[in-house]
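Read through the structure below, which is laid out as structure tokens, and then see the notes.
Here the structure is a predicted model, which means the values were calculated and not measured. Naming: A, B, ... by sequence-line order, numbering from 1 per chain.
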Protein chains: 2
Amino acid sequence: MARPIGYDPKEVLVNAMNLFWEKGYESTSIQDIVAVTGLKPGSLYNLYGNKEGLFEAVLDTYSTMNLEQVEEVLNGSDDPFKNIESFLQEVVVTTISNKKTNGCLLVKTLLVVPHKDKKIQEHITVIFAQVEALLAKTIQKAVDLGQTTVDAKQFAKFIITTIYGSHVYYKSDDDVGILRQNVQFLLDTLQKKEHSNTAIALT
Amino acid sequence: MARPIGYDPKEVLVNAMNLFWEKGYESTSIQDIVAVTGLKPGSLYNLYGNKEGLFEAVLDTYSTMNLEQVEEVLNGSDDPFKNIESFLQEVVVTTISNKKTNGCLLVKTLLVVPHKDKKIQEHITVIFAQVEALLAKTIQKAVDLGQTTVDAKQFAKFIITTIYGSHVYYKSDDDVGILRQNVQFLLDTLQKKEHSNTAIALT
DNA sequence: CATATTCTTGAATTATGATTCAAAAAAGAG
DNA sequence: CTCTTTTTTGAATCATAATTCAAGAATATG
């Protein structure tokens, strides 16, 4: 009855996402989006209303992908401490492989999106809170098993803070050592161990 | 012999700085700068060449101000551990009072400035390294006095990472508690103490 | 195969913002 | 008071980018 869409909406969003991620919201033009997605301006505006709408859809794509990955790692085994360890190592690996695109899209966006843009800010805040909640739940499991004695909620916040910070730090100094070191400090603190001075191995 | 300049160059830079800080580089137009500085476009271009040149001058102003402050606190007393403590508390206070302007201008800029802009990126990297070096020196003093046993350089990096991260975290969740908590974790780790669960008092 | 419906196209429009430049203004030297 | 030098002005220009829209294309249904 009607002309069907001639593209994969998922693919469009992933392509747009990668571009926004690399160049940032302000520096990415609709022309750029047209170039990477193949869709013409009219189609894009038809689909998403405007640039901001497209960006919100991109944020959804990004955060869904991330949340799924985090959830998978944090529930990877029966051993919560191991899962936290895997999560932290995963973060290191991801940060390194994201180098070109400058760390986390959400962090970047949060710091930059103008104040007016409450909608986007709140969107991101909600996603952050979800990741933190997942992490806190896993830490609590570790506490229940006697693997650590930290305050789960507090320590989840501390971990998240360190991850944010690592993204920034790595951007200014791309020495992989810092990433591993920070993870090691976190694990040591979690276990109240002496800091070992040896970086953890990467998988 | 010639017409003298009719403004205070320092004041111009501080005004421009505050605007860039609040709105970000891309979202600040020359028109905006004209509005807050009182200088007309022609004068601005005369002085700084272009928008990027102006921004570099702003970065200089910002980092000079910051470095001076950091140096002052870290050399505030004969007790290096106390000085580190004061520094961390100072950071908390500053982060809170900066709320409106979204954390550190340098962090924000680093994450956002397009790749091409190597000059600005390197500029910021150098400043970061200076702060870190100051911090490492103070920690080393503490080590020499037997106040702590951490690796000074490593721990300086960890502190810096946490500060970056706090800026981001606080942006998404303006609960002051997180800032104090993170500082407490750092101090506990520095002393290898049990984490106390009580936030440090603000001055 | 005609038609209704929805999707696509991309040039045209509108908006915004960086930059230039020729003319005007200010000050001191002679 | 005139002239030289430097600064200031701000409208005009140039550049870029967001958004619109009328015409064309594709499909399924009757």
Under 4.0 Å, counting only non-hydrogen atoms across every strand here, what does [X] touch: a base, just sugar-phosphate, or nothing?
{"X": "A/Ile5", "answer": "sugar-phosphate"}
{"X": "A/Ser43", "answer": "base"}
{"X": "A/Lys40", "answer": "base"}

* Report the residue (B/Tyr45 or A/Gly42) whose heavy-atom-nearest nucleotide on DNA chain C is the more 5′ of the two. =>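 Between the two, 5'-proximity favours A/Gly42.
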* Given that A/Pro41 and B/Pro4 both sit by DNA chain C, which one's nearest nucleotide is further toward the 5' end? -> A/Pro41
* Asked: Will you find, in the side chains of A/Ser43 and A/Asn46, an N or O donor that is under 3.5 Å from an N or O acceptor?
  ->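 No.
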In whole Å, what is the span from the [atom1] atom of [X] to the [atom2] atom of [N]?
{"X": "A/Ile30", "N": "C/dT14", "atom1": "CD1", "atom2": "P", "value": "19 Å"}
{"X": "B/Gln31", "N": "D/dC14", "atom1": "CD", "atom2": "P", "value": "18 Å"}
{"X": "B/Glu26", "N": "D/dT16", "atom1": "CD", "atom2": "P", "value": "14 Å"}
{"X": "B/Phe55", "N": "C/dT19", "atom1": "CZ", "atom2": "P", "value": "14 Å"}
{"X": "B/Leu54", "N": "C/dA18", "atom1": "CG", "atom2": "C1'", "value": "12 Å"}
{"X": "B/Leu39", "N": "D/dT9", "atom1": "CG", "atom2": "P", "value": "7 Å"}
{"X": "A/Leu44", "N": "D/dC21", "atom1": "CG", "atom2": "P", "value": "17 Å"}
{"X": "B/Asn50", "N": "C/dG17", "atom1": "CG", "atom2": "C1'", "value": "14 Å"}

* **Candidates A/Leu110, A/Ile127, A/Ile160, A/Leu111 - the one meeting side chain to side chain contact (heavy atoms under 4.5 Å, CB included) with B/Ser172** =>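 With B/Ser172 as partner, A/Leu110, A/Ile127, A/Ile160, A/Leu111 yield a single side chain to side chain contact (heavy atoms under 4.5 Å, CB included), made by A/Leu110.
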* Asked: Quick one: is A/Tyr7 getting a side-chain N or O under 4.0 Å of the C/dT8 phosphate, OP1 or OP2?
  -> yes
* Could you work out which one of D/dT8, D/dA11, D/dT20 sits closest to the side chain of B/Asn46? => D/dT8
* What's the closest nucleotide to the A/Lys51 side chain, out of C/dT6, D/dT19, C/dT20? ->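 Nearest listed nucleotide: D/dT19.
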* If you take all heavy atoms of B/Thr189 and A/Thr189, which pair is closest and at what distance? ->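 B/Thr189 and A/Thr189 have their closest heavy atoms at OG1-OG1, 3.7 Å.
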* For the student: nearest non-hydrogen atoms of B/Val58 and B/Ala16, plus distance -> CG2-CB, 3.9 Å
* Any donor-acceptor N/O pair under 3.5 Å between C/dT6 base and A/Arg3 side chain -> no
* **A/Lys108 to A/Tyr25, cation-pi by 6.0 Å centre distance and 45° axis angle** =>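 A/Lys108 over A/Tyr25 ring: no.
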